[in-house]
Structures are given as C-alpha cells and as structure tokens.
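Quick notes on the structure that follows.
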Amino acid sequence: MRLFIAVELPEPWKAVLDRAARALAAGSRRGTFSRRENFHLTLAFLGELPGPEPALQVLEGVRVSSFPLKSGPPGRFPSRNGDLWWVGVEPSPGLLTAREALAGALDRVGLWMDPKPFRPHLTLGRQVRIREDFDAAAWAAGLPALTCRVDRLTLLRSQRLQGQLTYTPLYRRRLRGI
Ligand code: ATP
Ligand code: MG
C-alpha cells in the first residue's frame, strides 16, 4: 500500500486552499485540482509498503513537539506535462525539526524513501496549463496568510477508489506540547 506521513490541515486552511484552487482551475486550460478534503502537508513520502506496521511504530515512537505552522507565498514546480501549483509553507524551525526527527527515525528502520530536499508545500493542482490571461499576481495577492498549531501527525494511505484519489488516515500521533 502507498503510504505517507502528513500534517492534516484545519478547516479554515482547507477553505482558503479550496478557493485558491477553484480560482486557479477557472484560470486554467487544463489540470487536476486537489479536492478540499485532500489538502495536506506531506512530511515523509514512504511509497509502496506491504503494510503500515513499521511506519506506525516509527510515528508512535518518534520524539516530536507540537509546532506552529504558517503559510507562505504560492509557487509552482514546472513540469513538461503541466506545472504543479502550490501554496508554500514557511520552513520554520519547528517544522524542520519535526521533519528531521521523522526522517531520522524512518531512516533507522530503513523506511526513508525521499532523497529530495524538503520544499514544504500544499498542492493545489497538478499538470496545470494556465491561461495566458490569468492574473497570477492578483490571484497570489488575494491569498491570506494562514497560521495554526500542529499537534498531531498522521500516517495516511493513498489510493484510487472509484477513480478518485483518496487519502485514508491509518494512525494519528499526538505531539507533546512545549
Ligand atoms: P497523484 O500521484 O495521484 O497525482 P498524489 O501525488 O497526491 O496524487 P501520492 O502520489 O500517493 O498522491 O502522494 C501522496 C503524498 O506524497 C502527496 O503529498 C505527494 O505530493 C507526496 N509524494 C508523492 N510522491 C513523492 C515523492 N516521490 N517524493 C516526495 N513526495 C512525494
Ligand atoms: Mg503523486
């Protein structure tokens, strides 16, 4: 099964991201845009594994404190078959510490699958071809800054159910307050 560890986002974040994604979709010739319930911040992509147990144990045992999260400006990862558009997340010390702790703990049991540098982002749409007249600056200026406190991490399963990309929470780990 396809697994990843992520921060689930509070409703006010999802509402803002949903509006941003719909506006982006309206300004695009094509693309696959995230569904509201799917918005999340991936900390560790684990890929295909036979089962959740080792990842679940890592998540249960890892030492991570709760930390504040703040959104940043939007951006995109260019790609030949259409760009991935996202809203950024500030690489704050709390977030980076959590990610490092998680990566270290996963690495110790051979589960670290993600050699790329960490670019924290919230995906709005993939394979996006934007219209020439889309006013990206006005769109970006309309995005409010978002803040919240992260007090749990979630092990999620990613699968297609009836053709629809679906993330199912398998285990939620509460983080210690500081
Ligand atoms: P789809 O691949 O169907 O377009 P998706 O990318 O959201 O949708 P998954 O590929 O299952 O679904 O990925 C789950 C999460 O892990 C997403 O946040 C995705 O960005 C991230 N992810 C996927 N592959 C990688 C990878 N190779 N490296 C880092 N993160 C990844
Ligand atoms: Mg993917």
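Note that these values count all heavy atoms, side chains included, but never hydrogens, waters or copies made by symmetry. Atoms within each ligand, like the ligands themselves, are counted from 1 in listed order.
At a 4.0 Å heavy-atom cut-off, ligand 1 touches Lys116 through the side chain alone.
Counting non-hydrogen atoms of neighbouring residues, nucleotides and ligands closer than 6.0 angstrom, the CZ atom of Arg149 exceeds 12 such neighbours.
Inter-residue side-chain proximity for Trp13 and Glu11 is flagged as unmet; no heavy-atom pair is nearer than 4.5 Å.
At least one heavy atom of Arg160 sits less than 4.0 Å from an atom of ligand 1. Assignment of His40 to the shell around ligand 1 is supported, since a heavy atom sits closer than 4.0 Å. Proximity of Thr123 to ligand 1 is not established, as no heavy-atom distance is less than 4.0 Å.
Between the side chains of Thr166 and Gln159, not a single donor N or O lies within less than 3.5 Å of an accepting N or O. Side chains of Arg157 and Thr168: no donor on one and acceptor on the other come within 3.5 Å.
Closer than 4.0 Å to atom 7 (O) of ligand 1 lies at least one heavy atom of the protein.
Protein heavy atom closest to atom 5 (P) of ligand 1, with residue, atom name and distance, is Arg126 NH2, 3.2 Å. Shortest contact from atom 10 (O) of ligand 1 to any protein heavy atom: Arg2 NH2, 2.7 Å. The protein heavy atom nearest to atom 29 (C) of ligand 1 is Asp114 OD2, 3.3 Å. Closest to atom 15 (C) of ligand 1 among all protein heavy atoms lies Thr42 OG1, 3.5 Å.
When every heavy atom of Phe134 is checked against every heavy atom of Ala23, the shortest pair comes out as CE1-O, 3.9 Å.
Between Phe4 and Tyr167, the two ring planes are perpendicular [angle over 60°; tilted spans 30° to 60°].
Aromatic rings of Trp86 and Phe77 (six-membered ring for Trp) have centroids within the 6.0 Å cut-off, being under it.
Counting the atoms of ligand 1 from 1 in the order shown, those under 4.0 Å from a heavy atom of Ser158 are 9 (P), 11 (O), 12 (O).
Checking only distances, His121 never comes within under 3.5 Å of ligand 1, N or O to N or O.
No path of Ile, Leu, Val, Met, Phe, Trp and Tyr side chains, each step under 4.5 Å between heavy atoms, connects Leu84 with Phe39, placing them in separate hydrophobic clusters.
For atom 23 (C) of ligand 1, the choice among Phe45, Phe39, Phe4 with the nearest heavy atom turns out to be Phe45.
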